[in-house]
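Remember, predicted model here, so these are calculated numbers, not experimental data. Counting starts at 1 for both ligands and their atoms, following the listed order.
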Amino acid sequence: MESDNEKKKRKPHPVSKANIISQGTFAWTLPLFMTGFKRELEEDDLFQPLDMHRSNKLGDEMEKMWFEEVEASKKAKREPSLLKIIIKATWKKLALTAFFIFLIDVVIKIVQPLMLQGLIRYFAEGNEMSVEDAYTYAGGILICSLIPVFALHPYMLCIQHLGMRLRIAMCSMLYRKALRLSRTALGQTTIGQIVNLMSNDVNRFDVTFMLIHNIWIGPVQTVIISYLAYQLVGPAAFIGLGFLLIFIPFQGWLGKKTSVLRLKTAVRTDERVRLMNEIITGIQVIKMYAWEKPFNTLVSFARRKEVRQIRRSGYIKAVMYSFILFHARTSVFLTIFSYALFGNFIRAEMVFVIQSYYAALRMSMSMFLPTVITQISEALVSVKRIKTFLMYDETNIPLALKGPGELNGKKSGDLEREKKTKDLEMTNVVNVKGEESFIHVKCISAKWNAEGEEDFLKNVTFDVNQGELTVIIGPVGSGKSSLLYTFLNELPLNKGSIEISGSISYASQEPWLFPGTVRQNILFGEPFDRIRYRQVVMMCALLHGFRPVPLRR
Ligand SMILES: Nc1ncnc2c1ncn2[C@@H]1O[C@H](COP(=O)(O)OP(=O)(O)OP(=O)(O)O)[C@@H](O)[C@H]1O
Ligand SMILES: [Mg+2]
């Protein structure tokens, strides 16, 4: 259901035409910056998304893999794993980016200090190095600084795209699933949960992928650097490294504590916002009875409780950040101090190299590793939540009940649904092909809750034939709407069968409009046919209602 705006053709994405140099240097972004420099950017300046980023395509791919996984798990009698398909979808790109980051974060961070060591040694007294050697070392330092400049940004872009694509694919899957949820499943979930899944949970993928390689970089760096530092300063290296590593469990614990506090803060913020909302809604009554003061006290109390949590997490953050300042420096000091105590002579090149090594370790071990561990554990929780949602019961709307537009151009996921529908047609609602349209209901029974005791539709039998008007009457809550749901396959039958010939249109007891124009609501995705549209509007006696509407659409 695209709005008229979205149908407007956007400019093609510049990356699709950019050559390799332009892509490497991001020169293709310049025209957009120039436009932004001359005037404010507008919606029309947006480009078409790249084909590989289209949610339709990404959702199709992911959904296909998910359905395959569900089938395979059914055969193997195990739980389907969403994590498995996420890994399957991303491992190739992850391996490629792992190579890049290994080059940037491990090779260069280790080679550069070695080059520095060579260069400093040239200036030391009594050296026998030639000037050419010194230039080679200096060149090495330069190259080591240049490579990250060119490699880091394409790497970041690639890894962010990976997270973004996964997020889009998941959103698309969740969205499709939400439209297929059965009535019974709708009872288990709430709109709030779906919104939360599509806004909060899927965002974890973006952040997690950005940091994901840090999970192995830190430990790999530690092993290599420990060996090199041992070569350089002997056992003194382990004293400094020990100091650096000993705090990591403590930092991990602090990280966990902050996430617990964050959760607590969020609950209290929710509470305060709820209170404020209620006050604003009922402000007239509060004013009328002069209840401002007691309500003021209530809000202040809620806010104080919230601030208490924020302050606690503030203290923890302060301790964590202070580590960054003294941690690596103290390690360098301890290493060199113990090296001197062991009776060795301290040389400048050694100090510089140790300092660079520890600086690299400080970033990866005390900043990124605790963060990535928290991120991954949060993302795993989200994956689990998304999986639970994807496993909810679905409606099985027979194809004959779908609109003609959808039947012609089969939409994604239709194959699976078609298969499922066929299975269901055998047991529940049978679509019969015939000239006449009819509904034959034979001895059906149904209940909403599988665990519920009694069927509330019991042995219902009747026929509705073409050209007849049938009215079902009964007290409130007797199951009239539920009976209609059985035709739509929204409520499964326990017994009996329903035969349907022809197409059904259903007008719900509770009207529902989606945000858009009246015409879009009436068309509901169908192509606009002026004559048919007018007929429908006339038949529904809407013309009179349209008169006061300015645009009449
Ligand atoms: N989605 C649902 N999940 C669980 N129970 C439901 C659901 N919808 C309806 N029910 C229950 O099924 C019973 C029949 O409800 P139904 O809406 O079919 O009654 P009705 O005859 O259409 O009532 P009304 O005259 O108010 O429209 C009620 O007890 C209701 O609580
Ligand atoms: Mg009803």
Chemist: Return the CD1 to CG distance between I472 and L483, rounded to the nearest 0.5 Å.
Modeler: 4.5 Å

Chemist: For a salt bridge (Lys or Arg N to Asp or Glu O under 4.0 Å) with E306, tell me which candidate from K264, R272, R312, R311 qualifies.
Modeler: R272

Chemist: Which class fits the ring pair F524 and W512: parallel under 30°, tilted 30 to 60°, perpendicular over 60°?
Modeler: perpendicular

Chemist: Quick one: does H213's side chain get under 4.5 Å of Y155's, heavy atoms only?
Modeler: yes

Chemist: Would you call R268 and E271 a salt bridge, taking side-chain N to carboxylate O under 4.0 Å as the test?
Modeler: no

Chemist: Where is the nearest protein heavy atom to atom 28 (C) of ligand 1: which residue, which atom, and how far?
Modeler: G477 O, 3.9 Å

Chemist: Would E69 and R78 pass as an ion pair if we require N to O under 4.0 Å?
Modeler: yes

Chemist: In the protein, what heavy atom is nearest to atom 17 (O) of ligand 1, and what distance, to one decimal place, separates them?
Modeler: S481 CB, 3.8 Å

Chemist: Among protein heavy atoms, which lies nearest atom 16 (P) of ligand 1, and at what distance?
Modeler: S482 OG, 3.6 Å

Chemist: Do R167 and N203 come close enough that some side-chain heavy atom pair is under 4.5 Å?
Modeler: yes

Chemist: Atom 25 (O) of ligand 1: which protein heavy atom is closest, and how many Å away?
Modeler: K480 NZ, 2.7 Å

Chemist: What protein heavy atom sits nearest atom 27 (O) of ligand 1, and how far away is it?
Modeler: Q509 NE2, 2.7 Å

Chemist: Return yes or no for this condition: an N or O of V476 is under 3.5 Å from an N or O of ligand 1.
Modeler: no

Chemist: Is there a side-chain contact between N459 and K495, using heavy atoms and a 4.5 Å cut-off?
Modeler: yes

Chemist: Can you tell whether the side chains of K177 and E63 come within less than 4.0 Å, N to carboxylate O?
Modeler: no

Chemist: If the condition is ring-ring contact (aromatic ring centres under 6.0 Å, His included), which residues does W291 pass it with, not counting sequence neighbours?
Modeler: Y289

Chemist: Given a threshold of 2.8 Å, state how many protein N/O/S atoms are nearer than that to the Mg ion (ligand 2).
Modeler: 2

Chemist: Where is the nearest protein heavy atom to atom 9 (C) of ligand 1: which residue, which atom, and how far?
Modeler: W448 NE1, 3.3 Å

Chemist: Does F456, backbone or side chain, put an N or O under 3.5 Å from an N or O of ligand 1?
Modeler: no

Chemist: Can a non-hydrogen atom of G474 be found less than 4.0 Å from any atom of ligand 1?
Modeler: no

Chemist: Look only at interatomic distance and state if Y485 has a nitrogen or oxygen under 3.5 Å from any nitrogen or oxygen of ligand 1.
Modeler: no

Chemist: Taking NZ in K384 as the centre, count heavy atoms belonging to other residues, nucleotides or ligands within less than 6.0 Å. Is the count above 12?
Modeler: no

